Structures are given as structure tokens and as C-alpha cells.
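Mind having a look at this structure? Questions to follow.
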Number of protein chains: 2
Amino acid sequence: MGEIANETISNMALERTIYIGPFVHCESLTELDVAVNGMIGVDEAGKLAFVLRDAKGKQIPTQEGWEDAKVVRINARHGFFFPGFIDTHIHASQYPNAGIFGKSTLLDWLNTYTFPLERSFEDLKQATRVYNRVIARTLSHGTTTACYFATIHVPATNLLADICQSRGQRAFVGRVCMDTLGPDDYRDESAQHSLDRTKECIEHIRQIDPDFELVTPIITPRFAPSCCSDSLALLGKLQAQTGLPVQTHFSENKAEIQFVKAMFPDSKHYSDVYDTAGLLTSKTILAHAVHLTPEEITLLRNRKAKISHCPASNTALTSGAAPIRHLLNEGLDIGLGTDISGGYTTSLLAEAREAVMVSRHRAMIDGDEAKLSVEEALYLATRGGAKVVGLEDRIGGFEVGMDWDAQMVTFADVGDEIGLDLRDGPVDIFGSLGYSEKMEKWVFTGDDRNTLAVWVKGRLVHAREVIQA
Amino acid sequence: MGEIANETISNMALERTIYIGPFVHCESLTELDVAVNGMIGVDEAGKLAFVLRDAKGKQIPTQEGWEDAKVVRINARHGFFFPGFIDTHIHASQYPNAGIFGKSTLLDWLNTYTFPLERSFEDLKQATRVYNRVIARTLSHGTTTACYFATIHVPATNLLADICQSRGQRAFVGRVCMDTLGPDDYRDESAQHSLDRTKECIEHIRQIDPDFELVTPIITPRFAPSCCSDSLALLGKLQAQTGLPVQTHFSENKAEIQFVKAMFPDSKHYSDVYDTAGLLTSKTILAHAVHLTPEEITLLRNRKAKISHCPASNTALTSGAAPIRHLLNEGLDIGLGTDISGGYTTSLLAEAREAVMVSRHRAMIDGDEAKLSVEEALYLATRGGAKVVGLEDRIGGFEVGMDWDAQMVTFADVGDEIGLDLRDGPVDIFGSLGYSEKMEKWVFTGDDRNTLAVWVKGRLVHAREVIQA
């Protein structure tokens, strides 16, 4: 039980591997696809070469050219492969504050807790310690892709990209742009500085990962209140020139929305601020989107902009309960975000649970149709997130040609013995359960102890224990 | 990491023990009391003999007669003793369904999930397996006292009492009375049967624990809709005769409240149904209390009736968000309940987190004054719960003469090393943090891995690792 040493991951030569056991992924927003006797072949490039849904009794090797392939088998009675989670919104730098927010709300929370912490990333020792830890934690929770906000610092942001690369986590890494709201000693001096420093980080990632195979730079205006219109416009132009993705915050809190209205009096609404700057694109990830008007929903749909739903954060900071089932009905693309440290958990599994719970609070007001099912929450955590980061053809499910970004999940079987071994993890299964119920057990009672191993692009990036035949 | 064998606990002779290290408990509803250099002496009866708040540099033994006492010391950089948690509402029999509830609400949930499971406790093998597991789990989460609903079955209920006794968990154990609502093959035949079987269970507990030192019988009408007025009246008389505590459900869900109104047309309101039957006493634990009228609040206060707040359950089943801060202001005594399996977690720490979260959802409607702090949630989980079960003089805090019902909590210190050992638990502390922030970290990011050892009445009942000097 622990982590894989750094050097193992980046230098590891991949060999053809056959994964044998049940696999589960999302067929659609509402339906799981379960293959109880699954067999998946992953090639030297980390891509799914074949997917057999019913391999019961099949000999290994089953495919020509796979005679000498390595075999990874699930031996536990209750176990399955599941796509890796995609965290579409997480502030890597805020991890030391996870769980610490008192009774604050967004704008006072930023000043009290967040800016002082982010400022400390001027110190690369702090960045080394925190970024290694948060990546180790998210990997241990099965997060194979993360959209990271770093800080305003170029060296620390580049370091975050380096660590993602060396630890093998797929990541979008953004230097935070903020030239207005923020303390004097923690903000960019000007719009031009915001742009220049963003370009420096893009260049760095281009050097370490030229094709953005694993790590991709992402243009990151913090949010409208902390960027002057010039800054937003420059970053919008940069997006148009580079085609890179964008991430920002949006419509999280009612006071913030009033603030934006006062700051941009000529804009029709919050969405219009980003749209005017050319930042509302199909590659834009908008974190929160709690308080949208019908007009804004239409605009977001037209622009194909993406939403990162962060339920734990939205409750913790009393921001509101986003009407996610409604936004899904309206045709928007939505993923989940832990939003550390507005949110308190690095686990996207816990975030899926919170998504279900927040939907119950919406249902108390809007009625039963507001409820999200566990299947829907798991879809948001995988396929939904893949769409949000523009990688729906590569990750989020198990189809031939996609990358093996996956986790092996197991549960303890409560037989007749009296003993309790906490290493088995917190999920207790009594007797036989269908997969729908197993997914409910996982989301509501599971944690990182149930994730035995995690792979990104075919590489093992975290393991408690891997059973090999 | 694991559990203490049964025989160890019940036969273990206690020796005088000195606990050295920081201790934290609740001074009041809103304030923590922290003694960084604490030293607590626990005598052979499991009672606190002395409490030193500043024992820095003190020699051991510090007190006459304690020269040969055993010493248990917290050696971790971030560790403290905390009172054991008091779970004021948990259905031990429903544990196999933890996390499984779909999109149901109370009344359909009972029929779909709950009654079929509870019926299976006719089988003592099922009862043995489930009850051992749920007690091992709750102990591992630091729950030193639990108010258990069992099922209608006398043998299985008696078995639950036996297992609490042998595993050393303080418990209130109630056979469920239900003679109306419920399937034909899972309910009492009559009010008289409800009474008689309740008496059988009381007698059994009197035999195994004559003074109710550890296990106490509790009169348990399921809730008004499942008991006819005769049944409620008979149980009310039994309470008056025996002075035993009572537990039931109350005002959980709006449909349930309508149901009660239709079933008891002569009653003024839900509270009046119990009051008329003599069941609204200072020893009555009312689970939920989500939708109270001002008149009911006044009646509950006059009767000194107690409330078990079950936030995870109330959200999961879309029952509502109880206005706990308001009820506290109104002077009611409130504890926390996991309400397995309306709730999904056996952890009262997680329930404290949910209490804070639900209070944020209330604050979205009622304003900031509805927010509970982490300190308040921890108070509800300890001192509040102690009042609810009528043991505020014995448990819930660390004062001379009280019982040593406690847990040892530790967190991982994130130093400069890069490694992550999942056995250290999920709480990461970067640098120095005040105790208020440590409590936030614990409630929002901690789990059973942070609870190294648990004691009830001075007996070690769960341990991952105990460090002895």
C-alpha cells in the first residue's frame, strides 16, 4: 500500500497487457455498461487494442500477437475495472487548506484563506511539497486527469507541469492570471504581464511535452472580477491564436455576480463578459455555473462552453445548489470538479456523492425531477468530464482505440467470519448485489482504499497491490 | 491495524492508566477546550481520577498511588485524545443496505429496501454476521455509544445486546415495535405482542447487565404510522413503570406527517400523538425533527424531549434540511445520528461534516445565522449526544469522575519527503495549524484511519496501533 516511485513511471517501458475481470463504464448518461467476464487488451502505446465483453472460458492468449502479453487479473470476489476519474476543476496550490473555510463565503474566503496561501508558492520548496502531495492524493483516488489551477508564479506552475509529467498524471496546467482583485503582493502588474507569463508557461510545457500528450497548458484567467477587460481580451486573442483550452470561474456566488455587474456595466450578463473577450468557446471550462439565467444557458449552449460542477465547494462556501439535472436537460456538457480548497475533498468519488446529495437539496425545492442518480454522477465523473476537457474520443470509457486511463476497484466481502480488516476498505458487501447497487455502495461508502491500482495511458501510476497472474 | 478479539475486551482486567498528550473536548456549544500538554489518569473502574491541563515537564508518576500505572502516550506530531462519539440513532439491522436507496423517499424506501432486509433477521446467522460487522465498524470510527434500532425479532435483538456487551460498546438496544404499517410477515400481531416482546428484551438485558452499566434497553415504537394508539399507550405505560428511555422517529418527511394527521385525526399535531401516549418524556429520543411547528417546539422544550439530527439521511432520502441552529436557539437538546441506512455512513465524524453541510443549505434559504460551525457539530457528536442519552454526567467530555470513553486521533505530517503512505490516513497537515483548523481538517478530510485507538469505560475496544511508553 503506497505509491509508485517517480522514476518508475516516466521511464517505464510499456508492454502489451491483458486486463481480465469485470469492467464497468457508462453507456449513456443514465445507463451503465457492465461486462462481468471482460477482457481488455492494451498495447505498447497504452491504447485499447481489443475489448471482449464475454471472455468466459476463453484461453489466453485470445488474440494473435498477444501470446506473451502480461496479464492483470481481478481475483477479488467483488472487483471491477472502471475508467479513471476526470477532475475538471482543482486548485493544486490550495491543497494545504483542504477542509479549512470556517463560515466564509467566496469573496471573504479568497482574502482570508486563499490569497495568503497561494502567495507562498513563490517558494519552490513549498510548491514541491504541496504539488507532489496533491498529485499523489488525487492519483490514489483514481483521478487520471486533472484540470489544475496553479498560482500566478511561473516557476511553480512549470514545476507543477513537471511533476504531472514525471508522476504520469494527465493534466491541464494553468498559471493563474489576475491583475486587479487581489493583494498588492499577489497579482500580475498588468494585463500584458498576465499574457507574457501565461506564454512562458505554455512554452515550458511545449518543451517537456511537445504534442501535449500528457500535459496541456490551459489559459487561466482567475475570474472576471480579478481581470480587467484588457487582460480578458488579450487572453481571448491568445486562445484564438493557439487553440488552447481555457478555464475560469463563473457564476458561483450571488455577491460575485453583483460584483461583475458593477465592474462590467456594459455587459448583458456574466457570460457576456467572457463572450465579449472571446473566452466563451467550445474549449472553455466554466467552474460552478450555479446561478444562470435562461439567456445565459442559451448562450453557453450556442458556444458549446463546458461546465465544471463543484457541489462540495458550492455547499461548503454557501454558494448555492447548481440545478445540474436542468442544465443537462438543456443540453450542456458537464463534468465534476473537486475545487480544492473551496471543496474539501481530493476524491472525485466523494464529489460524485456530493453531486447526488446536492441534487437532493435542489429536489426539496424543485421536485423529484431534479434528482441525479448514482449512474448520472459517475457519468459526469468520467464521460462527462472527458467531454469537458475535449478528450471524449480518448478517455472516459473502454472502447477500442481509447487510452487505458483506468482504475481497479475492489470491495470487501463480508462472509461468515467476524473479523474486520480496515485495509480492505470501507465498503462492506453482504451476499450478492447487482452492479447498480455495487455502484451505489462504492459512491456512498467507498474511498481510496477501494482503488487498488490506477493507470494512465497504460502506465501504472498508483497501486496498493496489483494482482498478476 | 484491525480489531481487538472479543474475549480480550470482556475479560480484560483494567489497570490504572495515564494518558499523556494533547486532549481536546467541547467546553460549550461553540468553544473547544484544548490542553496541549494534557495528562489524564483513569482508574480501575474506567473513570477519570485526575485531569492535568498543563503537565509539561511533569514527572511520571505525578500522583500518589499511580507509581505503577500503565502509560499511553501520543507520540505523533499531530495527535490528541477526543471524547468518543455518541451515535443517537442507528439501525444496526439495516447496515447491509448502507448507501443503497436510489431515488426513494421515506415511505417507498421502507417498503422497497428496509422491511425485506429487516425480515431476514429471523435468521440468527444473518444477525450474527451483520451485528458484529456494524459494531466493529462504528467502533473503528470512534463511536463509543450507539442507540440501536434492531428488528422486531426477540432472539436477534438479544443477540445484538450480547455482542455490544462482549465487544465493549456502550449501547441502547431496542426491539422495534410495529403492529400496523409493514408487511404481513414483518410486524407484531397486536399491541399486546409489541409490549410482551419488548419486555422479553428488557429482561434479557437485565440478565446480562443488571445495572445497565454498558447496555441499556430502550423502548422502541418504530414511529406513529406503524403503531396503533393502543400500542403507543401500552408502551407509554411501560415507560412510566420502568423509567426506561424511549426512541422513535418523528417529523422526518412531509408525506409521513400527512399520514400521521390522517391516522390520528384527534391529535393536534405529530408531537401530540406521542405526548398523548405518554411517550414524550425527558428520556425520549426523537429522530429527525425536520419539520416542526413553533407549537411543537414549545411542547418538546416543555417535555425536555431530545432530538437526534440525522443530516446524511435527511438529504439522501430528500426528507428536508432540519433547522438545527434554530432548534438549538430554542433551547432543545440535540445529538447526531447516522441513521444507517437512511444515512449511508457509519461514521459520526462524517455525520458531523454533513451537519455542517446541511446547515449551509439552510443558510442558502434562511441566511448566515443558520450555519453550524465545526465546533458546534463536534459538540453535537459528543456533549450533545450525551445529553440526548441522559449520560451527560458520565460521557462526552473529560472531567474527573466521568468514564474514559475516548479516542486517540492522529494526522500525517507532510514534511519535506515526497512519499505518501495511505496507512497514515487522509488528513494532511502542512506546517503548523491551530487546533480549530485541525478540527476542521479532521471533520472535513478525516476518516477511521485517523482514529488509532478507542476506549469505552477505560477498556480498549478498537486499535490500529497503540503507542505505549
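Keep in mind that what you see is a predicted model, and the values were worked out from it rather than measured. What you see below is based on every heavy atom in this structure, not just the backbone, and it leaves out hydrogens, waters and symmetry mates.
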Does any backbone or side-chain atom of A:V443 lie under 4.5 Å from a heavy atom of chain B? Answer side chain, backbone, both or neither.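 It is neither, since no heavy atom gets under 4.5 Å.
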In Å, rounded to the nearest 0.5 Å, how long is the span from OG of B:S319 to CZ of A:R360?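 Answer rounded to 0.5 Å: 11.0 Å.
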Pick from A:V374, A:V130, A:T345 with the largest number of heavy-atom pairs that fall under 4.5 Å of chain B: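 The residue among A:V374, A:V130, A:T345 with the greatest pair count is A:V130.
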Geometric class of the A:Y344/B:F444 ring pair [parallel <30°, tilted 30-60°, perpendicular >60°]: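 It falls in the tilted class, 30° to 60°.
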Under the criterion side chain to side chain contact (heavy atoms under 4.5 Å, CB included), I'd like the reasoning laid out for B:D368 against A:K103: C-alpha separation, chi angles, the key distance, then a yes or no. CA-CA 8 Å; B:D368 278 357; A:K103 290 184 175 177; over 6 Å; no
Given a strict heavy-atom distance threshold of 4.5 Å, which part of A:S373 is in contact with chain B: side chain, backbone, both, or neither?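 Backbone plus side chain of A:S373, per the 4.5 Å heavy-atom cut-off to chain B.
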Grab the two heavy atoms, one from A:R129 and one from B:V414, that are nearest each other, plus how far apart they are.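 Looks like CD-O, 3.7 Å.
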If you count heavy-atom pairs within less than 4.5 Å of chain B, which of A:A363, A:A316, A:S436 leads?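 Among A:A363, A:A316, A:S436, the one with the most close pairs to chain B is A:A316.
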A:L372 versus chain B, heavy atoms under 4.5 Å apart: side chain, backbone, both or neither?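 A:L372 touches chain B through backbone heavy atoms alone.
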Rounded to the nearest 0.5 Å, what's the gap from OG1 on B:T105 to NZ on A:K371? Could you check?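 Between atom OG1 of B:T105 and atom NZ of A:K371 there are 5.5 Å.
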List the steps and the verdict of side chain to side chain contact (heavy atoms under 4.5 Å, CB included) for A:R449 and B:D447. CA-CA 11 Å; A:R449 285 169 285 188; B:D447 69 19; 3.4 Å; yes
Pairs where residues 352-373 of chain B contributes a residue and the test ring pair (Phe, Tyr, Trp, His ring centres under 6.0 Å) is met, not counting sequence neighbours: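 Sorted result for residues 352-373 of chain B: A:H361-B:H361.
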Least distance between heavy atoms, A:T445 atom then B:A98 atom: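 The answer is CG2-O, 3.8 Å.
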Determine yes or no for a side-chain-to-main-chain donor-acceptor pair under 3.5 angstrom, with B:K441 supplying the side chain and A:I100 the backbone.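 Not confirmed, B:K441 side chain does not pair with A:I100 backbone.
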Using every non-hydrogen atom in the two residues, find where A:M364 and B:N314 come nearest and quote the distance to one decimal.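 Shortest heavy-atom separation between A:M364 and B:N314 comes out as CE-O, 3.8 Å.
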Heavy-atom distances under 4.5 Å only: say whether A:E354 touches chain B with side chain, backbone, both or neither.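 Only the side chain of A:E354 comes within 4.5 Å of chain B.
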